[in-house]
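A short write-up of the structure that comes next.
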Amino acid sequence: MSNNFTSHFSADDAALVLIDFQPQMFMGVESHDRNAIKNNLQIVAKSAKLFNVPTVLSTVTAKTFSGPFVPEVTEGVFPGHEVVDRTSINAWLTPNFVKAVEATRRKRLVIAGLWTGACAAFNVIEGLRRGYEVFFVADACGDTSIQVHERAVDRMIQAGAVPTTAQHFVYELQQDWSRQETYQGVMDIMKAHTAFGTQIFFSKWALGGHD
């Protein structure tokens, strides 16, 4: 069995790849609530920043069709970070994208992208073909319909990729709530972008403010 089914990824062995989170791509999403996808994207991006996970950002035809990578990530999380622009749906056909991934020096990739059936699936499957262990953040992806999204998810799993979610991405990096150097950062991300944030607030109130 492939190692990626039996061991957790970590900040020491994984890189995050975020592909085509752009206005034009968001407008085509009908499979899920777009704001929910954007929240999950921010959970993943902020967690990668918190845990120092190497991150690759990429866009497709940003200046001629799809628009820039959403500012919640490029300005709010990774200001000044290089964004690799492409014309190829399969990002691996773009040499600068391949160089950016190789520069992370990681053989485990966690990928999310719009749309699921193209920007996510093409790049997940090609990553597997090139010998990477690949995870994908299913709830940070979306497509033109539920059917299109789900069939793309099926295809990625059948190819050997491992599905995860935005919140699970955070927990897999944190591993232990006694890890104080990242604990508060994780709590801040959860408060800002999940319903769990309300529970955190209530629990601290009920316990008299104790962590």
Side-chain angles (χ1 to χ4, degrees), residues 2-5 7-26 28 37 40-41 44-49 51-71 73-75 77-138 140-143 152-153 155-164 166 169 172-173:
S2 177
N3 195 39
N4 55 2
F5 284 96
S7 63
H8 297 287
F9 60 78
S10 75
D12 296 324
D13 65 16
L16 176 66
V17 182
L18 300 176
I19 302 174
D20 300 353
F21 289 94
Q22 301 165 259
Q24 180 66 29
M25 309 313 294
F26 267 105
I37 293 174
N40 291 332
L41 167 65
V44 171
K46 290 180 178 180
S47 299
K49 180 74 174 287
F51 287 90
N52 296 312
V53 175
T55 301
V56 175
L57 306 179
S58 186
T59 52
V60 63
T61 60
K63 293 182 179 179
T64 59
F65 183 72
S66 299
F69 205 106
V70 292
V73 172
T74 53
E75 297 174 17
V77 184
F78 296 113
H81 196 88
E82 178 189 10
V83 179
V84 179
D85 194 42
R86 325 173 317 277
T87 59
S88 61
I89 301 172
N90 179 353
W92 296 93
L93 299 178
T94 301
N96 284 347
F97 175 84
V98 176
K99 288 178 184 177
V101 174
E102 289 176 347
T104 69
R105 298 184 177 276
R106 304 294 170 84
K107 293 300 290 182
R108 284 181 151 185
L109 304 178
V110 182
I111 295 177
L114 298 180
W115 297 330
T116 320
C119 311
F122 280 28
N123 295 297
V124 164
I125 292 168
E126 181 69 13
L128 290 165
R129 192 184 72 78
R130 289 173 180 250
Y132 289 88
E133 291 186 1
V134 184
F135 302 75
F136 66 95
V137 189
C141 301
D143 214 307
V153 166
R155 186 176 180 189
M156 289 187 281
I157 293 171
Q158 288 168 350
V162 181
T164 188
F169 177 79
E172 192 142 357
L173 294 174

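For the numbers below, each heavy atom of this structure counts, side chains included, while hydrogens, waters and symmetry mates do not.
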Not counting sequence neighbours, which residues clear salt bridge (Lys or Arg N to Asp or Glu O under 4.0 Å) with R129? List them please.
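R129: salt bridge (Lys or Arg N to Asp or Glu O under 4.0 Å) contacts with E126.
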Can you check side chain to side chain contact (heavy atoms under 4.5 Å, CB included) on T164 and V162, steps first, answer last?
CA-CA 7 Å; T164 188; V162 181; 5.9 Å; no
Heavy atoms only: give me the nearest [X]-[Y] pair and the separation to one decimal.
X	Y	value
A152	G117	CB-CA, 3.5 Å
K46	V77	CG-CG2, 3.7 Å
V137	A112	CB-CB, 4.1 Å
I37	A140	CG2-O, 3.8 Å
D143	A118	OD2-N, 4.5 Å
C119	L114	SG-O, 2.5 Å

Do the ring centers of F169 and F9 come within less than 6.0 Å of each other?
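Centroid distance F169-F9: below 6.0 Å, so yes.
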Measure from the ring center of Y132 to the ring center of W92 and say whether it is less than 6.0 Å.
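Distance test on ring centres: under 6.0 Å, yes.
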Under-4.0 Å salt bridge between D12 and R106
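Salt bridge absent between D12 and R106.
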Just do the side chain to side chain contact (heavy atoms under 4.5 Å, CB included) check on L57 and V73 with the steps written out, would you?
CA-CA 9 Å; L57 306 179; V73 172; 4.2 Å; yes
Considering the options K107, R105, R108, which one meets the side-chain hydrogen bond (donor to acceptor under 3.5 Å, both in side chains) requirement together with D13?
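Result: among K107, R105, R108, R108 is the only option passing the side-chain hydrogen bond (donor to acceptor under 3.5 Å, both in side chains) with D13.
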Can you tell me how far apart CZ (F135) and CG (L109) are? Round to the nearest 0.5 Å.
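Rounded to the nearest 0.5 Å, the CZ-CG separation comes to 9.5 Å.
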Does one side chain, of S88 or T94, offer a donor that lies under 3.5 Å from an acceptor on the other?
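A pair is found: one side chain offers a donor N or O, the other an acceptor, under 3.5 Å apart.
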Would you say R86 and S58 are linked by a side-chain donor-acceptor pair, where the criterion is simply a distance under 3.5 Å?
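Looking only at side-chain atoms, R86 and S58 do form a donor-acceptor pair, the distance falling under 3.5 Å.
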Sort out for me which residue in D20, I89, V84 forms a side-chain contact (heavy atoms from CB on, under 4.5 Å) with V60.
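Looking at D20, I89, V84, the match for V60 under the side-chain contact (heavy atoms from CB on, under 4.5 Å) is D20.
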Evaluation steps, side chain to side chain contact (heavy atoms under 4.5 Å, CB included), between L16 and V56:
CA-CA 6 Å; L16 176 66; V56 175; over 6 Å; no
